[in-house]
Amino acid sequence: MKTDHKIFFLVLMSSMLFQSCKKFDEINTNPNSPVITTASLLATNLILNITRPSEGNKTFSALTSKQMAWGELPQGEQYNNYGSAGFGTITILTNVQKMINAAAEADKPAYTGLGMFIKAYKLYYLSLNVGDIPYSEALAGETGNTQPKYDPQKQVMQQVLKDLETSANAFAIAKNFTGDPVFNGNADNWRRVVNAFRLKVLISLSKKEADLDLKIKENFAQILATQPLLRSNSDNLQLVFSDKANQIYWFNSVISKFTSYAMVSSVMIDTLKKYNDYRLFYYAAPSVYKVQTEGKLPGDADAYLGTDPTQVFSGVSAQYTSKKYSQLNLRYTGYAPGEPLVRIGFAEQNFIIAEAMVRGWATGTAKNYYEEGVKQAMNFVVTITPDDVKYHGGKKITPAYISNYLTDLNVAFSGVSDQQLKQIGIQKYLMYFMQYPYEAYYEFRRTGYPKLPVNPATSTNPFDKNNIPVRYTYPSEEYNYNLENLKTALKRQYDGNDRTDGIMWLLK
């Protein structure tokens with residue numbers, strides 16, 4: 001993951017320079033410039049930090065999950081060489097307590113709820129990448145602790161769940177607040193998002209369902225039965241784009257010069273074709289070669305060609321040059337608003353509940369939630385896409401089509417639990433396309449669905465060419481500035497080795 005590899009070093013340097021800079025800062029304070037940051041402004045920055053795209057102008061997460069291939073140059077993510085994570089999250093979170101402290105007393109419940117959610121959200125994903133992380137001392141940099149200890153991943157997840165419960169309870173008594181670019185400060189919306197995320201964290205711990213300390217099944221059932229959850233796609237935690245300057249969709253060709261290199265993978269294309277899934281016509285563009293040379297129409301499934309993301313790069317390059325591949329649909333690259341980027345959503349919530357019911361964590365009909373997940377995933381796509389043939393090839397998703405889709409042999413909910421889990425996993429994978437960055441990878445790693453291809457002859461995984469990496473390594477800055485604590489964490493988890501094939505606690 002290409003994120004913030006230098007920020008932890010900056011925290012260290014800033015603490016060292018604080019005393020020497022203090023007098024300089026006092027002398028050079030601009031009396032006409034505000035020196036107090038408001039809770040509202042900090043809230044805006046924190047919310048945008050978790051909702052904005054973080055991949056630059058390439059689709060690294062889609063390469064990692066084999067939903068894409070890349071036609072420009074060989075990418076490590078496509079060929080299973082992931083590298084290190086970044087710890088910039090820890091530095092960003094110093095603004096959480098500042099936000100809460102800056103809030104007026106009447107507003108503290110709302111900003112506390114938001115702060116605890118963002119802290120838990122950011123550190124949860126950081127832990128998913130590497131394993132053990134600093135959590136209890138994560139925000140201690142400003143008090144002089146630039147070498148925080150690492151908490152075991154189990155303790156991290158326990159604290160994540162505790163902070164999320166604190167957040168939900170705070171939002172339950174909060175009034176609406178300012179500085180929110182997503183829900184306009186609606187505390188009830190945020191409470192529902194937090195509860196949906198609690199379910200998401202719990203399902204990600206499915207391999208630990210028997211852990212008596214975590215009480216995963218009991219907590220899931222309690223939240224489902226007593227807490228308000230997302231009610232529709234309108235409740236999604238998502239960033240909406242527009243045709244205004246600085247608000248254009250993040251992978252539009254106006255923003256990114258790399259859009260033409262994105263090649264929809266054979267994993268995606270072949271699965272969509274197999275299922276007669278009309279999202280094929282919304283996700284991908286017909287192959288230029290198929291249209292211009294063979295006369296295929298945009299509404300013909302045969303016009304769409306997936307690229308094997310595991311083949312030797314010369315093969316990818318030849319396919320790219322000959323136009324025998326499918327680019328992204330024009331609605332991503334040529335339609336300014338694109339589609340909202342979802343982080344926590346209603347369709348996914350339904351799939352999570354369906355899986356929990358299959359696993360016996362809660363009572364109810366898993367089939368109903370599974371089918372609702374499919375419906376809402378498709379409704380999301382069709383609702384935000386202009387009804388124009390250039391965006392769907394004339395194969396528009398309609399309520400009648402969705403009903404028929406749910407009866408397809410591959411889609412109709414099975415009566416066998418293992419098959420049900422596979423169906424849920426595949427539908428989530430299809431839903432995650434260009435959404436929920438890295439979730440498809442995390443879910444594959446947890447469930448094995450769908451089975452992603454690996455080619456040992458082309459894999460550049462330095463530790464295991466037969467498998468996809470299951471983690472990222474720790475950033476080099478930790479080796480330089482927090483070595484002893486890092487060594488302790490590595491010995492506790494991975495026999496002292498920082499390798500991408502090390503199995504973290506939550507995957508055992």
Side-chain angles (χ1 to χ4, degrees), residues 34 36-52 89-90 92-126 135-136 138-139 142 156-202 219-240 340-346 348-349 352-353:
I36 299 176
T37 303
T38 66
S40 174
L41 181 59
L42 289 168
T44 301
N45 291 335
L46 286 167
I47 293 169
L48 289 176
N49 180 266
I50 66 170
T51 54
R52 278 177 174 160
T89 285
I90 295 176
I92 294 164
L93 291 178
T94 59
N95 284 332
V96 166
Q97 194 58 50
K98 291 178 182 177
M99 176 182 67
I100 296 170
N101 292 342
E105 197 61 34
D107 295 325
K108 281 198 186 295
Y111 289 111
T112 297
L114 180 64
M116 290 300 97
F117 166 70
I118 289 177
K119 175 191 173 188
Y121 181 96
K122 297 287 282 186
L123 292 178
Y124 165 74
Y125 281 110
L126 183 59
Y135 198 110
S136 58
L139 308 185
E142 290 197 334
V156 170
M157 293 302 160
Q158 287 176 306
Q159 190 60 50
V160 164
L161 290 167
K162 181 178 179 181
D163 284 345
L164 289 174
E165 183 178 10
T166 298
S167 173
N169 290 338
F171 276 128
I173 61 172
K175 66 178 185 177
N176 294 347
F177 61 100
T178 59
D180 173 16
V182 176
F183 296 122
N184 198 29
N186 188 299
D188 180 66
N189 276 122
W190 279 104
R191 184 185 181 195
R192 293 175 185 277
V193 164
V194 172
N195 285 325
F197 191 62
R198 293 168 73 187
L199 297 185
K200 185 169 182 171
V201 173
L202 288 168
N219 286 332
F220 193 102
Q222 188 272 334
I223 294 168
L224 181 60
T226 66
Q227 298 298 310
L229 295 167
L230 306 182
R231 299 157 294 188
S232 71
N233 287 327
S234 297
D235 287 340
N236 292 350
L237 177 62
Q238 62 188 23
L239 184 65
V240 178
L341 181 59
V342 182
R343 299 294 182 169
I344 300 172
F346 181 58
E348 184 190 43
Q349 176 183 281
I352 289 170
I353 295 171

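Quick note: numbers below take in every heavy atom, side chains included, and nothing from hydrogens, waters or symmetry partners.
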(request) Enter the distance from Leu237:CG to Ile344:CD1 here, rounded to the nearest 0.5 Å. (result) 5.0 Å

(request) To the nearest 0.5 Å, tell me how far Lys175 NZ sits from Lys108 NZ. (result) 12.5 Å

(message) Can you give me the closest heavy-atom contact between Ala43 and Thr178, atom names plus distance?
(response) CB-O, 4.4 Å

(message) Using side-chain heavy atoms (C-beta onward) and a distance below 4.5 Å, is Leu46 in contact with Met99?
(response) yes

(message) Applying side-chain contact (heavy atoms from CB on, under 4.5 Å) to Asn186 and Phe177, what does each step give before you reach the verdict?
(response) CA-CA 7 Å; Asn186 188 299; Phe177 61 100; over 6 Å; no

(request) Drop me the distance from Asn169's CG to Arg191's CZ, to the nearest 0.5 angstrom. (result) 8.0 Å

(request) Heavy atoms only: give me the nearest Pro109-Ala170 pair and the separation to one decimal. (result) O-CB, 3.3 Å

(message) Quick check on Asp188: does its CG atom have over 12 non-hydrogen neighbours (other residues, nucleotides or ligands) under 6.0 Å away?
(response) yes

(request) Evaluate side-chain hydrogen bond (donor to acceptor under 3.5 Å, both in side chains) for Asn189 paired with Arg192, printing each intermediate quantity in order. (result) CA-CA 5 Å; Asn189 276 122; Arg192 293 175 185 277; over 6 Å; no

(request) Check whether any side-chain heavy atom of Arg343 lies under 4.5 Å from a side-chain heavy atom of Ile50, and answer yes or no. (result) no

(request) Report yes if some heavy atom in the side chain of Trp190 is under 4.5 Å from a heavy atom in the side chain of Asp180; otherwise report no. (result) yes

(request) Would you indicate whether the side-chain heavy atoms of Leu123 and Leu93 approach each other to under 4.5 Å? (result) yes

(message) Using modelled atom types and a 3.5 Å cut-off, is there a donor and acceptor pairing between side-chain atoms of Asp235 and backbone atoms of Leu230?
(response) no

(message) Tell me whether the rings of Tyr121 and Phe197 are parallel (<30°), tilted (30 to 60°) or perpendicular (>60°).
(response) tilted

(request) Tell me, please, which residues at least two apart from Ala187 pass side chain to side chain contact (heavy atoms under 4.5 Å, CB included). (result) Phe171, Ala174, Asn176

(request) Working to the nearest 0.5 Å, report the span between CG of Asn45 and CG of Asn95. (result) 7.5 Å

Only pairs under 3.5 Å count here: list side-chain donor-acceptor contacts from residues 222-229, not counting sequence neighbours, and write none if there are none.
from: Gln222; atom 1: NE2; to: Thr226; atom 2: OG1; distance (Å): 2.9
from: Thr226; atom 1: OG1; to: Gln222; atom 2: O; distance (Å): 2.7

(message) Please check: side-chain N/O of Thr44 versus main-chain N/O of Ser40, any donor-acceptor pairing under 3.5 Å?
(response) yes

(request) Compare every heavy atom of Ser234 with every heavy atom of Phe183, then report the nearest pair and how far apart it is. (result) CE2-O, 4.5 Å

(message) Quick check: do Val156 and Tyr135 have side-chain heavy atoms less than 4.5 Å from each other?
(response) yes

(request) Using a 4.5 Å cut-off on heavy atoms from C-beta on, say whether the side chain of Leu42 contacts that of Thr38. (result) no

(message) Show, in sequence, the C-alpha distance, side-chain angles and deciding distance for Ile100 and Gln97, and conclude whether the side-chain contact (heavy atoms from CB on, under 4.5 Å) test is met.
(response) CA-CA 5 Å; Ile100 296 170; Gln97 194 58 50; 4.1 Å; yes

(message) Would you compute the distance between atom CD of Gln159 and atom NZ of Lys162 and round it to the nearest 0.5 angstrom?
(response) 5.5 Å

(request) Quick one: do Tyr124 and Asp163 satisfy side-chain hydrogen bond (donor to acceptor under 3.5 Å, both in side chains)? Show the steps, please. (result) CA-CA 11 Å; Tyr124 165 74; Asp163 284 345; over 6 Å; no

(message) Counting C-beta onward and ignoring hydrogens, is there a side-chain heavy-atom pair between Leu202 and Asn219 closer than 4.5 Å?
(response) yes

(request) Side-chain contact test, heavy atoms from C-beta onward, threshold under 4.5 Å: evaluate it for Asn236 versus Pro340 and give yes or no. (result) no

(request) Working to the nearest 0.5 Å, report the span between CD1 of Ile92 and CG of Asn49. (result) 4.0 Å

